[in-house]
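Data first, discussion second: the structure below is written as structure tokens.
The shown structure was predicted, so the numbers you read here are calculated from the model rather than taken from an experiment.
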Amino acid sequence: MPSDSARYLIFFQYLGTRYSGVMKAPPHQAVKGVQNYLEEAVRRLRPANAISLHVSRVTHAHRVHGAFHARFQAVSRTYVYRLAMGIRHHSCMPLTEDKLCWGIRSVDLDIGAMRDAAALLVGTHNFSSFRALNSETPYKDPVKTLDRASLEPGDAFVRRHFHRGIQFWELTFRSRSFLYKQVRRMTGALVAVGQGKMSVYGVKELLEAQDSLAYPQNLTAPPDGLFLARVDYDPLDLPPHTQDDSYS
């Protein structure tokens, strides 16, 4: 990197329903990730010496060293998956929650069983059964360390005006990295446990199978309720004078 250039780590918010994930998709794929659109936008600017770039919903930025890589130097990623209970018809979903949570007809989940099953996923495991196959599958190590898998009561985004007795729950997963669709597959399995469609031991068997094809068809949670809540970095990689404690 030239000495007169600078590299920045930028945190921003986006609504991902119209994109196919965060990471850049290869040219031969029809769908594109958020990274594809950001890179294309920067290319259109054709910066020569200096640019002024405004990205909507930027939360904060850090100037980092020239070798910094936002993807590979992250020490953890936290995903939250939101569930809305008692949604017997799509019209029951408040407008402010549309496509922002998984609407489930049932109002009775076995929360204790779901938490027991989630505890089985915490730790270092081969998560092959919880990843969907894609072009990167042969090159990705399926062994991941899941630091957190928890289920806690959630809330509506605008409860004061749109509360209709809907019960919200949030599944939180934290790891340094995840496999393709791993969070959605883990969520689908845990919800199946809560509904009595799968036992806690069934999740253990699925984990031990270490086979993507062992995962039951039509069990993967939809993308609607999935949020990348935060990405954490080593404080040593972020200059002290620009570091934001909320992102350590």
Side-chain angles (χ1 to χ4, degrees), residues 9 11 16 21-24 33-35 64 67-83 111-152 154 169-194 198-216 219-221 223 225-238 243-248:
L9 171 65
F11 291 86
V22 178
M23 303 310 300
K24 184 178 181 179
V34 174
Q35 184 179 349
V64 294
F68 183 88
H69 195 291
R71 178 182 179 185
F72 298 121
Q73 288 184 245
V75 296
S76 72
R77 294 169 172 84
T78 301
Y79 281 92
V80 172
Y81 196 101
R82 302 178 67 243
L83 308 172
I111 301 301
M114 291 179 69
R115 286 174 171 161
D116 289 342
L120 296 175
L121 301 175
V122 175
T124 302
H125 306 285
N126 183 320
F127 283 96
S128 290
S129 297
F130 290 93
R131 72 171 170 187
L133 301 177
N134 67 357
S135 59
E136 293 187 343
T137 297
Y139 312 103
K140 294 287 187 178
D141 185 356
V143 177
K144 302 292 181 183
T145 299
L146 191 64
D147 300 314
R148 178 181 177 184
S150 63
L151 175 63
E152 301 296 336
W169 288 90
E170 292 183 354
L171 281 160
T172 302
F173 303 96
R174 186 178 68 240
S175 177
R176 181 168 187 172
S177 61
F178 292 87
L179 299 169
Y180 181 55
K181 293 188 180 180
Q182 180 184 342
V183 174
R184 289 171 56 192
R185 283 193 164 206
M186 291 190 298
T187 296
L190 295 180
V191 169
V193 170
M198 179 182 290
S199 67
V200 173
Y201 185 73
V203 172
K204 184 175 185 293
E205 288 184 315
L206 189 58
L207 184 64
E208 293 175 346
Q210 300 180 10
D211 182 1
S212 296
L213 300 180
Y215 191 89
L219 198 65
T220 303
L226 183 63
F227 291 81
L228 175 58
R230 60 184 292 150
V231 181
D232 293 316
Y233 293 90
D234 188 325
L236 297 177
D237 287 328
L238 304 182
Q243 183 177 325
D244 185 325
D245 292 338
S246 65
Y247 279 86
S248 56

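Remark: K140 NZ to S128 OG distance equals 13.5 Å, nearest 0.5 Å. Rounded to the nearest 0.5 angstrom, L120 CG and M186 CE are separated by 12.5 Å. With values rounded to the nearest 0.5 angstrom, Y215 atom OH is found 10.5 Å from K181 atom NZ. Note that the OH atom of Y201 and the CG atom of D116 stand 15.5 Å from one another [nearest 0.5 Å]. Note that CZ of R174 is 8.5 Å distant from OG of S150, once rounded to the nearest 0.5 Å. How far CD1 of I111 is from CH2 of W169: 4.0 Å, rounded to the nearest 0.5 Å.
Nearest heavy-atom pair across S175 and D147 is CA-OD2, 4.1 Å. Contact between A189 and F130 at its shortest, heavy atoms only, is CB-CE2, 4.0 Å. Summarising the geometry of T187 relative to L83, their closest heavy-atom pair is CG2-CD2, 4.5 Å, with the distance given to 0.1 Å. Here the shortest heavy-atom pairing between L190 and M114 reads O-CG, 3.2 Å. Between A221 and Y81 the shortest heavy-atom distance is CB-OH, 3.6 Å. Closest heavy-atom contact between F227 and R82: CE1-CD, 3.6 Å.
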* Checking side chain to side chain contact (heavy atoms under 4.5 Å, CB included) for the pair L146/H125: CA distance, chi angles, key distance, verdict? -> CA-CA 8 Å; L146 191 64; H125 306 285; 5.8 Å; no
* To do: Starting from the C-alpha separation in whole Å, work towards a yes-or-no answer on side chain to side chain contact (heavy atoms under 4.5 Å, CB included) for Y79 and Q182.
  => CA-CA 11 Å; Y79 281 92; Q182 180 184 342; over 6 Å; no
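Put simply, the side chain of F127 reaches to within 4.5 Å of the side chain of L207, judged on heavy atoms. Contact of the L228 side chain with the R77 side chain is registered, since non-hydrogen atoms from C-beta on lie closer than 4.5 Å. For the pair L219 and M198, the minimum side-chain heavy-atom distance is below 4.5 Å.
Distance alone, capped at 3.5 Å, places no donor-acceptor pair between the T172 side chain and the V80 backbone. Looking at R185, its side chain does come within 3.5 Å of a backbone N or O of S129 through a donor-acceptor pair. Remark: the backbone N or O of L151 is paired with a side-chain donor or acceptor of R115 at under 3.5 angstrom. R176 places no side-chain N or O within 3.5 Å of a backbone atom of V75 that could act as its donor or acceptor partner.
Contacts classified as salt bridge (Lys or Arg N to Asp or Glu O under 4.0 Å) and involving residues 204-215 (residues at least two apart or in different chains) are given here: K204-E208.
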